[in-house]
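Here the structure comes first, spelled out in C-alpha coordinates, and everything after it is commentary.
In this chain, numbering begins with 1 at the start of the sequence shown.
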Amino acid sequence: MAGQPTPFNIMTKPIGPRCNIDCTYCYYLEKEKLFPSEKKFRMSDEVLESYIRQTIETSLEAGMPEVHFAWQGGEPTMLGVDYFRKIVALQQKYLPDGVTCSNAFQTNGMLLDDTWGSFLKDNRFLVGLSIDGPKKIHDRYRIDRAGRPTFDAVMRGLDVLQRHGVEHNALTTVHRANGGKGREIYKFLKGAGFDYIQFIPIAERSAGDGLASAPQVDMDPGNAVTEWSVAPRAYGKFLCDVFDTWFKADIGKVFVQYFDTQVGLWLNGQSSLCVYAETCGNGLALEHDGSLYSCDHYVYPEYRLGKITETPLREMLWTERQQQFGRDKKETLTKQCQSCSFRFACNGGCPKQRFATSKDGEAGHNYFCESYTMFLRHAGPRIKTMVDLIARGRPASEAAR
(Lines give C-alpha, C1' and ligand atoms only; values in the text may rest on other atoms or scores of the structure.)
Protein backbone atom coordinates (compact mmCIF):
# COMPACT_ATOMS: atom_id res chain seq x y z
CA MET A 1 0.00 0.00 0.00
CA ALA A 2 1.20 3.49 -0.82
CA GLY A 3 1.40 6.02 1.98
CA GLN A 4 0.90 9.77 2.07
CA PRO A 5 2.21 11.41 -1.14
CA THR A 6 5.34 13.51 -0.61
CA PRO A 7 7.63 15.35 -3.04
CA PHE A 8 10.17 13.20 -4.84
CA ASN A 9 12.88 13.30 -7.47
CA ILE A 10 13.84 10.55 -9.90
CA MET A 11 17.18 10.36 -11.63
CA THR A 12 16.25 8.90 -15.00
CA LYS A 13 18.66 6.86 -17.11
CA PRO A 14 17.11 6.52 -20.57
CA ILE A 15 20.32 4.96 -21.91
CA GLY A 16 21.11 3.06 -18.71
CA PRO A 17 24.83 2.82 -17.89
CA ARG A 18 25.96 3.07 -21.53
CA CYS A 19 28.56 5.81 -22.04
CA ASN A 20 30.96 7.01 -24.74
CA ILE A 21 33.85 7.51 -22.30
CA ASP A 22 35.38 5.33 -19.59
CA CYS A 23 36.10 7.37 -16.47
CA THR A 24 38.39 5.45 -14.16
CA TYR A 25 36.28 6.24 -11.11
CA CYS A 26 32.82 5.68 -12.61
CA TYR A 27 30.68 3.53 -10.32
CA TYR A 28 27.84 3.13 -12.80
CA LEU A 29 29.35 1.52 -15.90
CA GLU A 30 29.38 -1.84 -14.14
CA LYS A 31 25.57 -1.77 -14.00
CA GLU A 32 25.62 -3.18 -17.53
CA LYS A 33 26.02 -6.53 -15.76
CA LEU A 34 22.46 -6.17 -14.48
CA PHE A 35 21.29 -6.57 -18.07
CA PRO A 36 23.37 -9.42 -19.53
CA SER A 37 21.19 -9.83 -22.62
CA GLU A 38 20.78 -6.11 -23.31
CA LYS A 39 22.19 -4.77 -26.56
CA LYS A 40 20.67 -1.31 -27.15
CA PHE A 41 20.34 0.25 -23.69
CA ARG A 42 17.61 2.57 -24.91
CA MET A 43 14.41 3.28 -23.03
CA SER A 44 11.58 2.05 -25.23
CA ASP A 45 8.77 4.29 -26.38
CA GLU A 46 6.34 2.32 -24.19
CA VAL A 47 8.40 2.76 -21.03
CA LEU A 48 9.21 6.40 -21.80
CA GLU A 49 5.60 7.42 -22.34
CA SER A 50 4.41 5.51 -19.28
CA TYR A 51 7.11 7.11 -17.15
CA ILE A 52 6.41 10.66 -18.30
CA ARG A 53 2.65 10.27 -17.84
CA GLN A 54 2.97 8.72 -14.40
CA THR A 55 5.58 11.24 -13.22
CA ILE A 56 3.28 14.11 -14.12
CA GLU A 57 0.32 12.44 -12.39
CA THR A 58 2.22 11.57 -9.20
CA SER A 59 3.92 14.97 -9.01
CA LEU A 60 0.51 16.63 -9.02
CA GLU A 61 -0.74 14.14 -6.45
CA ALA A 62 2.20 15.06 -4.21
CA GLY A 63 1.35 18.76 -4.53
CA MET A 64 4.63 19.64 -6.21
CA PRO A 65 4.55 23.15 -7.74
CA GLU A 66 6.41 21.98 -10.84
CA VAL A 67 6.95 18.62 -12.53
CA HIS A 68 10.65 17.92 -12.63
CA PHE A 69 12.59 15.49 -14.81
CA ALA A 70 16.30 14.70 -14.45
CA TRP A 71 18.02 12.87 -17.30
CA GLN A 72 21.42 11.24 -17.11
CA GLY A 73 23.19 7.95 -17.77
CA GLY A 74 25.61 6.84 -18.85
CA GLU A 75 25.69 9.56 -21.42
CA PRO A 76 22.22 10.74 -22.54
CA THR A 77 23.44 12.66 -25.62
CA MET A 78 24.20 9.28 -27.22
CA LEU A 79 20.45 8.95 -27.76
CA GLY A 80 20.43 11.96 -30.12
CA VAL A 81 18.46 15.20 -30.12
CA ASP A 82 15.38 13.63 -31.70
CA TYR A 83 14.95 11.32 -28.71
CA PHE A 84 14.74 14.33 -26.43
CA ARG A 85 12.41 16.13 -28.81
CA LYS A 86 10.13 13.13 -28.30
CA ILE A 87 10.49 13.55 -24.53
CA VAL A 88 9.42 17.20 -24.71
CA ALA A 89 6.47 16.31 -26.96
CA LEU A 90 5.29 13.65 -24.49
CA GLN A 91 5.58 16.08 -21.61
CA GLN A 92 3.42 18.58 -23.46
CA LYS A 93 0.93 15.82 -24.26
CA TYR A 94 0.33 14.97 -20.60
CA LEU A 95 0.88 18.29 -18.82
CA PRO A 96 -2.44 19.82 -17.74
CA ASP A 97 -3.07 23.47 -18.56
CA GLY A 98 -1.26 25.78 -16.18
CA VAL A 99 1.23 23.17 -14.98
CA THR A 100 4.91 23.77 -15.73
CA CYS A 101 7.66 21.26 -16.32
CA SER A 102 11.45 21.47 -15.95
CA ASN A 103 14.26 19.30 -17.28
CA ALA A 104 17.76 18.80 -15.90
CA PHE A 105 20.32 17.07 -18.07
CA GLN A 106 23.73 15.69 -17.06
CA THR A 107 26.37 15.22 -19.76
CA ASN A 108 30.09 14.84 -20.32
CA GLY A 109 29.73 17.38 -23.14
CA MET A 110 31.60 15.32 -25.74
CA LEU A 111 28.76 15.22 -28.27
CA LEU A 112 27.31 18.69 -27.83
CA ASP A 113 26.98 20.72 -31.01
CA ASP A 114 24.91 23.65 -32.24
CA THR A 115 21.85 21.45 -32.83
CA TRP A 116 22.01 20.35 -29.21
CA GLY A 117 22.67 23.92 -28.10
CA SER A 118 19.58 25.27 -29.84
CA PHE A 119 17.38 22.48 -28.51
CA LEU A 120 18.57 22.81 -24.92
CA LYS A 121 18.13 26.58 -24.97
CA ASP A 122 14.73 26.54 -26.66
CA ASN A 123 13.39 23.99 -24.19
CA ARG A 124 14.99 25.55 -21.10
CA PHE A 125 17.04 22.54 -20.06
CA LEU A 126 19.41 22.96 -17.12
CA VAL A 127 22.66 21.22 -18.06
CA GLY A 128 25.15 19.79 -15.60
CA LEU A 129 28.54 19.47 -17.32
CA SER A 130 31.05 17.01 -15.90
CA ILE A 131 34.46 18.65 -15.68
CA ASP A 132 37.18 18.01 -13.11
CA GLY A 133 39.42 21.06 -13.54
CA PRO A 134 42.21 22.16 -15.87
CA LYS A 135 43.35 19.86 -18.67
CA LYS A 136 46.03 17.91 -16.82
CA ILE A 137 43.77 17.22 -13.86
CA HIS A 138 40.61 16.53 -15.88
CA ASP A 139 42.40 14.08 -18.16
CA ARG A 140 43.84 12.07 -15.28
CA TYR A 141 40.69 9.96 -14.91
CA ARG A 142 38.17 11.24 -17.47
CA ILE A 143 39.34 9.33 -20.54
CA ASP A 144 37.59 7.72 -23.48
CA ARG A 145 37.42 4.00 -24.16
CA ALA A 146 40.73 4.12 -26.01
CA GLY A 147 42.40 5.81 -23.05
CA ARG A 148 42.55 9.20 -24.76
CA PRO A 149 42.01 12.53 -22.97
CA THR A 150 38.61 14.25 -23.14
CA PHE A 151 39.27 17.78 -21.86
CA ASP A 152 39.39 19.54 -25.24
CA ALA A 153 36.10 18.00 -26.35
CA VAL A 154 34.45 18.96 -23.06
CA MET A 155 35.58 22.56 -23.47
CA ARG A 156 34.10 22.60 -26.97
CA GLY A 157 30.85 21.40 -25.41
CA LEU A 158 31.04 24.15 -22.81
CA ASP A 159 31.48 26.68 -25.62
CA VAL A 160 28.29 25.38 -27.25
CA LEU A 161 26.34 25.86 -24.02
CA GLN A 162 27.68 29.35 -23.47
CA ARG A 163 27.20 30.55 -27.05
CA HIS A 164 23.59 29.39 -27.02
CA GLY A 165 22.90 30.79 -23.57
CA VAL A 166 22.01 27.42 -22.05
CA GLU A 167 21.74 27.47 -18.28
CA HIS A 168 24.54 25.23 -17.01
CA ASN A 169 26.59 24.28 -13.98
CA ALA A 170 29.77 22.36 -13.24
CA LEU A 171 29.72 18.84 -11.82
CA THR A 172 33.22 18.33 -10.48
CA THR A 173 34.40 15.17 -8.78
CA VAL A 174 37.04 15.45 -6.07
CA HIS A 175 39.53 12.59 -6.17
CA ARG A 176 43.15 11.72 -5.56
CA ALA A 177 44.42 13.89 -8.43
CA ASN A 178 42.68 17.13 -7.46
CA GLY A 179 41.97 16.69 -3.73
CA GLY A 180 44.85 18.97 -2.76
CA LYS A 181 44.06 21.64 -5.33
CA GLY A 182 40.93 23.34 -4.04
CA ARG A 183 41.92 26.90 -4.91
CA GLU A 184 43.19 25.91 -8.35
CA ILE A 185 40.04 23.98 -9.20
CA TYR A 186 37.72 26.73 -7.98
CA LYS A 187 39.58 29.48 -9.83
CA PHE A 188 39.59 27.42 -13.01
CA LEU A 189 35.84 26.78 -12.88
CA LYS A 190 35.09 30.41 -12.10
CA GLY A 191 37.37 31.53 -14.92
CA ALA A 192 35.64 29.13 -17.31
CA GLY A 193 32.37 30.95 -16.66
CA PHE A 194 30.64 28.63 -14.20
CA ASP A 195 28.43 30.44 -11.70
CA TYR A 196 27.05 27.22 -10.18
CA ILE A 197 29.39 24.49 -8.98
CA GLN A 198 28.76 21.07 -7.46
CA PHE A 199 31.62 19.12 -5.90
CA ILE A 200 31.23 15.34 -5.68
CA PRO A 201 33.81 13.49 -3.55
CA ILE A 202 34.94 10.10 -4.81
CA ALA A 203 35.20 7.25 -2.31
CA GLU A 204 34.84 3.78 -3.77
CA ARG A 205 35.43 0.46 -2.09
CA SER A 206 38.48 -1.29 -3.54
CA ALA A 207 36.92 -4.69 -2.93
CA GLY A 208 34.25 -3.85 -5.49
CA ASP A 209 30.58 -3.35 -4.73
CA GLY A 210 29.44 -6.24 -6.85
CA LEU A 211 25.93 -6.52 -8.21
CA ALA A 212 24.52 -9.42 -6.27
CA SER A 213 23.91 -7.17 -3.30
CA ALA A 214 24.71 -3.80 -1.82
CA PRO A 215 28.07 -3.51 -0.04
CA GLN A 216 28.19 -4.45 3.61
CA VAL A 217 29.78 -2.30 6.28
CA ASP A 218 32.77 -4.35 7.37
CA MET A 219 35.97 -2.63 6.26
CA ASP A 220 38.42 -0.11 7.59
CA PRO A 221 38.71 2.69 4.99
CA GLY A 222 42.47 2.74 5.29
CA ASN A 223 42.74 -0.32 3.09
CA ALA A 224 39.27 -0.42 1.60
CA VAL A 225 39.20 2.37 -0.98
CA THR A 226 40.43 2.57 -4.55
CA GLU A 227 43.62 4.40 -5.42
CA TRP A 228 41.65 7.26 -7.00
CA SER A 229 39.48 7.91 -3.94
CA VAL A 230 40.14 11.19 -2.16
CA ALA A 231 41.44 10.90 1.40
CA PRO A 232 39.13 12.38 4.09
CA ARG A 233 41.70 14.92 5.26
CA ALA A 234 42.45 15.96 1.66
CA TYR A 235 38.76 16.50 0.94
CA GLY A 236 38.34 18.50 4.12
CA LYS A 237 41.23 20.75 3.14
CA PHE A 238 39.80 21.01 -0.39
CA LEU A 239 36.50 22.35 0.99
CA CYS A 240 38.28 24.75 3.34
CA ASP A 241 40.48 26.14 0.57
CA VAL A 242 37.54 26.60 -1.80
CA PHE A 243 35.50 28.26 0.94
CA ASP A 244 38.28 30.72 1.81
CA THR A 245 38.66 31.71 -1.84
CA TRP A 246 34.90 31.96 -2.42
CA PHE A 247 34.21 33.84 0.82
CA LYS A 248 36.57 36.72 -0.03
CA ALA A 249 34.80 37.93 -3.16
CA ASP A 250 32.16 35.59 -4.54
CA ILE A 251 29.29 35.34 -2.03
CA GLY A 252 26.13 35.88 -4.03
CA LYS A 253 28.05 35.73 -7.32
CA VAL A 254 29.20 32.12 -7.52
CA PHE A 255 27.02 29.43 -5.97
CA VAL A 256 28.70 26.33 -4.56
CA GLN A 257 26.11 23.67 -3.78
CA TYR A 258 27.76 22.45 -0.57
CA PHE A 259 28.03 25.96 0.84
CA ASP A 260 24.43 26.81 -0.07
CA THR A 261 23.32 23.57 1.60
CA GLN A 262 25.24 24.43 4.76
CA VAL A 263 23.69 27.89 4.93
CA GLY A 264 20.26 26.26 4.76
CA LEU A 265 21.12 23.79 7.51
CA TRP A 266 22.53 26.48 9.81
CA LEU A 267 19.56 28.74 9.05
CA ASN A 268 16.62 26.39 9.55
CA GLY A 269 17.92 22.82 9.80
CA GLN A 270 16.68 21.97 6.33
CA SER A 271 18.85 20.45 3.60
CA SER A 272 18.14 20.87 -0.10
CA LEU A 273 20.47 17.92 -0.72
CA CYS A 274 19.65 14.37 0.40
CA VAL A 275 23.27 13.70 1.43
CA TYR A 276 22.96 16.04 4.43
CA ALA A 277 19.26 15.63 5.23
CA GLU A 278 18.20 13.82 8.40
CA THR A 279 16.39 11.17 6.37
CA CYS A 280 16.40 10.31 2.67
CA GLY A 281 14.39 8.12 0.30
CA ASN A 282 12.89 10.83 -1.93
CA GLY A 283 15.66 10.66 -4.54
CA LEU A 284 15.21 7.52 -6.61
CA ALA A 285 16.65 6.13 -9.83
CA LEU A 286 14.88 4.78 -12.90
CA GLU A 287 16.76 2.48 -15.25
CA HIS A 288 16.12 2.32 -18.99
CA ASP A 289 13.96 -0.81 -18.70
CA GLY A 290 11.55 0.95 -16.34
CA SER A 291 12.95 -0.53 -13.12
CA LEU A 292 12.77 1.85 -10.17
CA TYR A 293 15.44 1.70 -7.47
CA SER A 294 15.54 3.24 -4.00
CA CYS A 295 18.50 5.50 -4.85
CA ASP A 296 21.02 6.12 -7.62
CA HIS A 297 23.75 4.72 -5.33
CA TYR A 298 21.71 1.63 -4.52
CA VAL A 299 21.00 0.20 -7.95
CA TYR A 300 21.24 -3.35 -6.68
CA PRO A 301 18.68 -6.15 -7.08
CA GLU A 302 17.46 -5.99 -3.46
CA TYR A 303 16.71 -2.27 -3.80
CA ARG A 304 14.62 -2.67 -6.93
CA LEU A 305 11.10 -1.46 -6.13
CA GLY A 306 9.40 -2.65 -9.30
CA LYS A 307 8.81 -1.75 -12.92
CA ILE A 308 6.65 1.19 -13.97
CA THR A 309 4.97 -0.76 -16.78
CA GLU A 310 3.89 -3.39 -14.25
CA THR A 311 3.40 -1.45 -11.00
CA PRO A 312 2.05 2.11 -10.85
CA LEU A 313 4.70 4.63 -9.87
CA ARG A 314 2.68 5.86 -6.90
CA GLU A 315 2.62 2.32 -5.47
CA MET A 316 6.43 2.23 -5.43
CA LEU A 317 7.27 5.77 -4.35
CA TRP A 318 5.53 5.98 -0.99
CA THR A 319 5.59 2.42 0.32
CA GLU A 320 6.58 1.52 3.86
CA ARG A 321 9.59 -0.24 2.36
CA GLN A 322 10.89 2.93 0.72
CA GLN A 323 10.04 5.06 3.74
CA GLN A 324 12.04 2.69 5.93
CA PHE A 325 14.95 2.99 3.49
CA GLY A 326 14.85 6.73 4.16
CA ARG A 327 14.50 6.37 7.93
CA ASP A 328 17.44 3.97 8.07
CA LYS A 329 19.73 6.93 7.44
CA LYS A 330 18.75 8.46 10.79
CA GLU A 331 18.27 5.22 12.70
CA THR A 332 21.67 3.69 11.91
CA LEU A 333 23.94 6.54 13.02
CA THR A 334 26.95 5.56 15.10
CA LYS A 335 27.13 6.73 18.70
CA GLN A 336 29.93 9.11 17.72
CA CYS A 337 27.70 10.67 15.11
CA GLN A 338 24.70 10.91 17.44
CA SER A 339 26.72 12.85 20.01
CA CYS A 340 28.53 15.12 17.53
CA SER A 341 27.91 18.86 17.84
CA PHE A 342 27.88 19.12 14.04
CA ARG A 343 25.31 16.41 13.50
CA PHE A 344 22.73 19.01 12.37
CA ALA A 345 25.04 20.05 9.50
CA CYS A 346 25.91 16.54 8.34
CA ASN A 347 23.37 13.98 9.61
CA GLY A 348 25.87 11.23 9.02
CA GLY A 349 26.36 11.96 5.33
CA CYS A 350 25.37 9.53 2.58
CA PRO A 351 24.73 5.98 3.86
CA LYS A 352 26.63 4.61 0.86
CA GLN A 353 29.80 6.13 2.33
CA ARG A 354 29.32 4.72 5.82
CA PHE A 355 31.95 2.02 5.55
CA ALA A 356 34.42 3.40 8.08
CA THR A 357 34.61 2.76 11.81
CA SER A 358 34.01 5.36 14.52
CA LYS A 359 36.58 6.36 17.12
CA ASP A 360 35.29 3.67 19.48
CA GLY A 361 35.37 1.00 16.77
CA GLU A 362 31.71 1.00 15.78
CA ALA A 363 31.06 0.01 12.17
CA GLY A 364 28.94 2.13 9.84
CA HIS A 365 30.65 5.48 10.31
CA ASN A 366 30.95 7.85 7.38
CA TYR A 367 34.25 7.82 5.50
CA PHE A 368 34.09 11.62 5.15
CA CYS A 369 33.44 12.38 8.83
CA GLU A 370 36.90 13.94 9.21
CA SER A 371 36.31 16.04 6.06
CA TYR A 372 33.04 17.49 7.31
CA THR A 373 34.32 18.11 10.83
CA MET A 374 37.42 19.88 9.52
CA PHE A 375 35.34 22.10 7.26
CA LEU A 376 32.68 22.95 9.82
CA ARG A 377 35.24 23.93 12.45
CA HIS A 378 37.04 26.06 9.88
CA ALA A 379 34.08 27.72 8.18
CA GLY A 380 31.34 27.43 10.81
CA PRO A 381 31.79 30.86 12.43
CA ARG A 382 31.61 32.58 9.04
CA ILE A 383 28.60 30.52 7.98
CA LYS A 384 26.88 31.56 11.21
CA THR A 385 27.66 35.20 10.44
CA MET A 386 26.10 34.84 6.98
CA VAL A 387 23.03 33.15 8.47
CA ASP A 388 22.62 35.93 11.05
CA LEU A 389 22.77 38.52 8.27
CA ILE A 390 20.19 36.67 6.18
CA ALA A 391 17.90 36.38 9.21
CA ARG A 392 18.05 40.18 9.58
CA GLY A 393 17.28 40.69 5.90
CA ARG A 394 20.83 41.72 5.06
CA PRO A 395 23.02 40.39 2.19
CA ALA A 396 25.20 37.45 3.23
CA SER A 397 28.07 39.07 1.33
CA GLU A 398 28.41 41.60 4.16
CA ALA A 399 30.10 38.82 6.16
CA ALA A 400 33.20 39.25 4.01
CA ARG A 401 33.60 42.95 4.74
Side-chain angles (χ1 to χ4, degrees), residues 11-26 28-29 41-42 70-88 103-175 177-178 181 183-200 202 228 253-257:
M11 200 165 286
T12 315
K13 301 172 182 293
I15 197 169
R18 186 59 59 86
C19 191
N20 57 334
I21 65 174
D22 189 17
C23 299
T24 307
Y25 53 67
C26 184
Y28 210 79
L29 289 178
F41 284 98
R42 181 186 181 94
W71 308 97
Q72 65 157 225
E75 176 49 47
T77 56
M78 292 174 66
L79 291 166
V81 177
D82 286 344
Y83 189 92
F84 282 85
R85 288 194 177 108
K86 177 167 55 182
I87 285 173
V88 171
N103 287 281
F105 187 84
Q106 184 173 336
T107 177
N108 58 39
M110 299 278 289
L111 300 178
L112 293 178
D113 58 16
D114 286 333
T115 301
W116 270 111
S118 296
F119 169 80
L120 294 168
K121 173 63 176 178
D122 292 346
N123 293 282
R124 298 179 294 110
F125 273 58
L126 168 63
V127 176
L129 184 69
S130 295
I131 183 167
D132 282 358
K135 182 177 177 64
K136 185 176 180 180
I137 294 172
H138 176 94
D139 287 339
R140 177 64 180 86
Y141 297 126
R142 298 192 65 81
I143 54 178
D144 68 13
R145 292 183 177 273
R148 295 171 299 199
T150 62
F151 178 82
D152 292 341
V154 175
M155 293 303 287
R156 287 193 293 271
L158 175 60
D159 178 65
V160 168
L161 297 175
Q162 293 177 340
R163 282 191 292 103
H164 286 271
V166 178
E167 187 176 357
H168 61 283
N169 55 43
L171 303 177
T172 301
T173 60
V174 185
H175 42 65
N178 64 6
K181 304 178 186 298
R183 289 185 177 87
E184 179 182 349
I185 299 302
Y186 176 76
K187 289 179 179 178
F188 167 79
L189 295 172
K190 178 184 172 182
F194 289 104
D195 296 325
Y196 296 86
I197 301 169
Q198 177 180 347
F199 292 117
I200 307 164
I202 298 294
W228 50 83
K253 300 175 183 177
V254 178
F255 300 88
V256 179
Q257 184 188 52

### Task
Could you check D22, N108, T24, V154 and say which one makes a side-chain contact (heavy atoms from CB on, under 4.5 Å) with R142?
N108
### Query
Do the non-hydrogen side-chain atoms of I87 and W71 ever get within less than 4.5 Å of each other?
yes
### Task
Report yes if the side chains of V256 and Y186 come closer than 4.5 Å at any heavy-atom pair, otherwise no.
yes
### Task
Would you mind reporting whether K13 and Y28 have side-chain heavy atoms less than 4.5 Å apart?
yes
### Query
Has the side chain of D139 got a donor or acceptor atom that lies under 3.5 Å from a matching backbone atom of T150?
yes
### Task
Evaluate the side-chain proximity of L158 to H168: yes if any heavy-atom separation is below 4.5 Å, no if none is.
yes
### Residues, nucleotides or ligands: over 12 heavy atoms within 6.0 Å of K86 NZ
yes
### Message
Looking at every heavy atom in both C19 and G74, which two are closest together, and how far apart are they?
### Response
CB-CA, 4.1 Å
### Task
Provide the closest heavy-atom pair for S130 versus H138 in the form atom of the first, atom of the second, distance.
O-CE1, 4.0 Å
### Task
Report the C-alpha separation of M78 and L111 in whole Å, then their side-chain angles, then the decisive distance to 0.1 Å, and conclude whether the side-chain contact (heavy atoms from CB on, under 4.5 Å) test is met.
CA-CA 8 Å; M78 292 174 66; L111 300 178; 4.0 Å; yes
### Message
Testing the basics here: between P14 and Q72, what is the closest heavy-atom pair and its distance to 0.1 Å?
### Response
CD-O, 3.3 Å
### Query
Going through the distances and angles, do H164 and L120 end up as a side-chain contact (heavy atoms from CB on, under 4.5 Å)?
CA-CA 9 Å; H164 286 271; L120 294 168; over 6 Å; no
### Message
Within this structure, what is the CD-OH distance for the pair Q257 and Y196, rounded to the nearest 0.5 Å?
### Response
12.5 Å
### Crowding at CD, Q162 (>12 non-hydrogen neighbours, <6.0 Å)
yes
### Query
So with a 6.0 Å cut-off around CZ of R163, is the heavy-atom count from everything else above 12?
yes
### Query
Are P134 and I185 side-chain neighbours, meaning at least one heavy-atom pair lies under 4.5 Å?
yes
### Task
Might you confirm whether atom NZ of K121 has over 12 heavy atoms from other residues, nucleotides or ligands at distances under 6.0 Å?
no
#### Entry: Pairwise distance CZ(R85) to CG(D122) - rounded to 0.5 angstrom
9.0 Å
### Check: E184 side chain, G133 main-chain N or O, donor-acceptor pair, under 3.5 Å
no
### Task
Report the distance from atom OG1 of T172 to atom CZ of F199, rounding to the nearest 0.5 Å.
5.5 Å
### Task
Would you check if R18 and R42 make a side-chain contact, meaning some heavy-atom pair closer than 4.5 Å?
no
### Query
Among all residues two or more places apart in sequence or in another chain, which pass the side-chain hydrogen bond (donor to acceptor under 3.5 Å, both in side chains) test with D113?
none
### Query
Closest approach of T77 and L112, non-hydrogen atoms and distance?
CG2-CD2, 4.1 Å
### Message
Ignoring hydrogens, what is the shortest heavy-atom contact between Q106 and P76? Give both atom names and the distance.
### Response
O-CG, 3.1 Å
### Query
Stepwise, does the side-chain contact (heavy atoms from CB on, under 4.5 Å) test hold for V88 with F119?
CA-CA 10 Å; V88 171; F119 169 80; 3.8 Å; yes
### Query
Is the shortest side-chain N to carboxylate O distance from R156 to D159 below 4.0 Å?
no
### Query
Side chain of T107, backbone of L129: donor and acceptor closer than 3.5 Å?
no
### Message
I'd like to check D195 versus K253 (side-chain heavy atoms, cut-off strictly below 4.5 Å). Are they in contact?
### Response
no
### Query
About how many Å separate CG of N103 and CZ of F84, when rounded to the nearest 0.5 Å?
8.5 Å
### Query
With a 4.5 Å limit on heavy-atom distance, are the side chains of I131 and M155 in contact?
yes
### Task
Specify the closest pair of heavy atoms between N178 and D132, including all atoms of both residues, with the distance to one decimal.
ND2-O, 3.3 Å
### Query
What about F105 and W116, are their ring centers closer than 6.0 Å?
yes
### Query
What is the ring orientation for F188 with F151, classed by angle as parallel under 30°, tilted 30 to 60°, or perpendicular over 60°?
tilted
### Task
To the nearest 0.5 Å, tell me how far C23 SG sits from R145 CZ.
10.0 Å
